[in-house]
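Not measured: the values here are computed from a predicted model. Below, read A as the first sequence line, B as the second, and so on, with proteins coming before strands; counting in each chain starts at 1.
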2 protein chains.
Amino acid sequence: MDPHLLRTYVTVARLASFSEAARELGYTQSAVSQHIAALEQDLGAPLLTRRPVAPTAAGERLLEHAGPLLLRLDAARADVARMAAAPEHGLTLAVAPTALGPRVVAALPAAGVTLKVLAREEVPAAVATGGADLGLVDGLAAPSDPLRLPDVAPLTTHGAGEEPVCVLLPASHPLARRTGLRLGDLVDARWLDAPGAGLPLAHLRAAHGGAGFRPALRYEGTDLCALTALAAAGHGLVLLPRAAAVGVPGTAAVPLVAPRLVHRTELVHTGSPRGAAAAVVDKLLERP
Amino acid sequence: MDPHLLRTYVTVARLASFSEAARELGYTQSAVSQHIAALEQDLGAPLLTRRPVAPTAAGERLLEHAGPLLLRLDAARADVARMAAAPEHGLTLAVAPTALGPRVVAALPAAGVTLKVLAREEVPAAVATGGADLGLVDGLAAPSDPLRLPDVAPLTTHGAGEEPVCVLLPASHPLARRTGLRLGDLVDARWLDAPGAGLPLAHLRAAHGGAGFRPALRYEGTDLCALTALAAAGHGLVLLPRAAAVGVPGTAAVPLVAPRLVHRTELVHTGSPRGAAAAVVDKLLERP
DNA sequence: CACCCTCGATAAGCAACGCTGATACGGTGC
DNA sequence: GCACCGTATCAGCGTTGCTTATCGAGGGTG
């Protein structure tokens, strides 16, 4: 189970083609064919059907493992390399769109920061693999409960603030005048599914303990403005932290009153932050 | 970052010796030396000090990554192999000591089951790497909150029951006659630290949100009887699910009333259980 | 229906890798 | 000072893993 073979396998599976994968990886088609053959022999099961190229049941299984595995591998390499490298100048901060509130903006130093807005699930990976020095992730949680993050690597997390959540409705929506909404009343509403930018519907289902929350329109991207525009146009409801939800033209932001959920944002980093990173950490963690 | 090199590295770090590691792995000392050199060159940083052999800062870091990585690798291999292998006859069940309640015992089929009692944190790993077909893990949680399990692999979990937790006290203890105890009152008591058999003190600290719960005696093992005997002899308090705590000679089991915590047990397995495993799953999950 | 073109499997050749065995080097204990 | 233990290094050799070349099976086209 050489990581190289694994990498080849996921590439082949993604592109559904040996030759394409070979081109992308800089190998010959022959080498890719041998890689897959080696993997299949090693594991004792066919992983791909040929013509068309598609994963078998066992192959699907392997794909689920391969992603996190390769990610962890990168994380380990980056983590160790970071210990040896010269102390970096310039600070890179990875944030999920809804995690970038006014407090965060205020805490940034005047210069020398690179800000990366990534989809929520990519933030821990970016921090782990060295793409960013600090990360800010957010999500729905019961008050004072920590978030559930994918453990791509041993990361340190600190709570960096909690905020009420609001449902963003078009101003003309029948519920827009309410002063509070219950999640249970919105199970059958049309929702926007925006795993990158908004709060994932899966969180809602978990919080409500059941099915429902059928997506009306799926938005792939990390631009909060695009998302709020969609919501204003009536394409579906979105759940947002209050700071992001209030003041959007053409919409009303109604607080969610039940269940008691908060928008929690957490600061994540590897090891102990040094230099400029440490200063930002301190500033973000001091209680207002 | 060949897994072989990684495996060699962790072995060397564990045994603090190149030669010993070579013996254990079936290599020559020369090969081990070359492995480590290759890793260090690849990562661009020294990982071990020689004479004495001990991990450097970067090496410590790598060690934190290496364990989960190798575990995941094993899990992936086992998972795929399982899909190809003949349907196993005989069912292996891995359980944490305190997860083995009367309901579980009742749900087992009359014959053909192998039961493995493992330390709590080893159960998911055993299921993932194919050492067991099903696992039962337990822990402290707020009512209806899922447990936080290490994600060694994509595992499916189901809640399999919740139960009140009790503090196990020697019968002569001043608090033994109480009808309920608050966790806050016990922060400074003497506790048994039994990460394998009892509920880990770290869970208590997390639930209480602070330090305290200093361990008086540490018990490494998975025998619940040994643990209760220690508690009866006054070596420290233990938190146990009610079923395990009541009826221990020489002790009193006092329910924990605050914070509202339950002992939750969850069933974990990979993919979809087949044959005998499916039957046991059904039986464990049907609401009593 | 014959043709070609694409895509994956297979064979041969060659360079690089990774292991072993032998040896050099640097500590430690007697 | 010498023997001993443990790691680093070197030469040699078998194996691995890549490339180039070729084959065979489908699918589309004139």
[Y] and [X], any side-chain heavy atoms less than 4.5 Å apart:
| X | Y | value |
| --- | --- | --- |
| Leu48(A) | Phe18(A) | yes |
| Arg214(B) | Asp193(B) | no |
| Val10(A) | Leu63(A) | yes |
| Thr156(A) | Thr270(A) | no |
| Glu121(B) | Pro150(B) | no |
| Leu43(A) | Met1(A) | yes |
| Ser17(B) | Val53(B) | no |

Excluding sequence neighbours, so at least two apart, what forms side-chain contact (heavy atoms from CB on, under 4.5 Å) with [X]?
| X | result |
| --- | --- |
| Arg72(A) | Asp151(A), Pro154(A), Pro68(B), Leu69(B), Arg72(B) |
| Leu115(B) | Leu93(B), Val95(B), Leu100(B) |
| Val280(B) | Leu91(B), Pro109(B), Leu134(B), Leu284(B) |
| Asp2(B) | His4(B), Leu5(B) |

For DNA chain C, find the residues of [range] with a heavy-atom distance under 4.0 Å and give them by number; none if there aren't any.
| range | value |
| --- | --- |
| residues 1-11 of chain A | none |
| residues 18-27 of chain A | Phe18(A), Ser19(A) |
| residues 30-44 of chain B | Ser30(B), Ala31(B), Gln34(B), His35(B) |

Just list the side-chain donor-acceptor pairs under 3.5 Å for residues 25-33 of chain B, sequence neighbours left out, or say none.
unit_1	atom_1	unit_2	atom_2	d
Thr28(B)	OG1	Ala31(B)	N	3.3
Ser30(B)	OG	Gln34(B)	NE2	3.0

Open item on the list: Can you confirm whether the side chains of Arg120(B) and Thr98(B) place a donor and an acceptor under 3.5 Å from each other?
Closed with: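 Judged by distance alone, the side chains do pair up.
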- [ ] Taking atom types as modelled, find out whether Asp74(B) and Thr129(B) have a side-chain donor-acceptor pair closer than 3.5 angstrom.
- [x]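 No.
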TODO: Applying ring-ring contact (aromatic ring centres under 6.0 Å, His included), name anything that partners His269(A), two or more places apart in sequence or on another chain.
DONE: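 For His269(A) the ring-ring contact (aromatic ring centres under 6.0 Å, His included) partners, ignoring immediate neighbours, are His158(A).
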Task: Closest contact, heavy atoms only, Gly130(B) versus Ala78(B) - done: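 Shortest heavy-atom separation between Gly130(B) and Ala78(B) comes out as N-CB, 4.0 Å.
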Task: Smallest separation among heavy atoms of Leu136(B) and Ala99(B), with atom names - done: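 Between these two residues, the closest heavy atoms are O-CB, 3.7 Å.
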Task: For atom CZ of Arg50(A) and atom C1' of dT6(C), their distance in whole Å - done: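 That distance rounds to 17 Å.
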Task: Whole angstrom value for the distance that separates C1' of dG8(C) from CG of Leu15(A) - done: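 Value for this atom pair: 15 Å.
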- [ ] Please give the angle, rounded to 10 degrees, between the axes at the start and the end of the helix from dC1(C)-dG30(D) to dC30(C)-dG1(D), where five pairs define each axis.
- [x]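 It comes to 20° between the two terminal axes.
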Task: Range on DNA chain D touched by chain B - first to last nucleotide, heavy-atom distance under 4.0 Å - done: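 From 5' to 3', the first and last contacting nucleotides are dG6(D) to dC10(D).
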TODO: Between protein and nucleotides 25-30 of chain C, map the contacts as a letter string: B base, S sugar-phosphate only, - none, heavy atoms under 4.0 Å, written 5' to 3'.
DONE: -B----
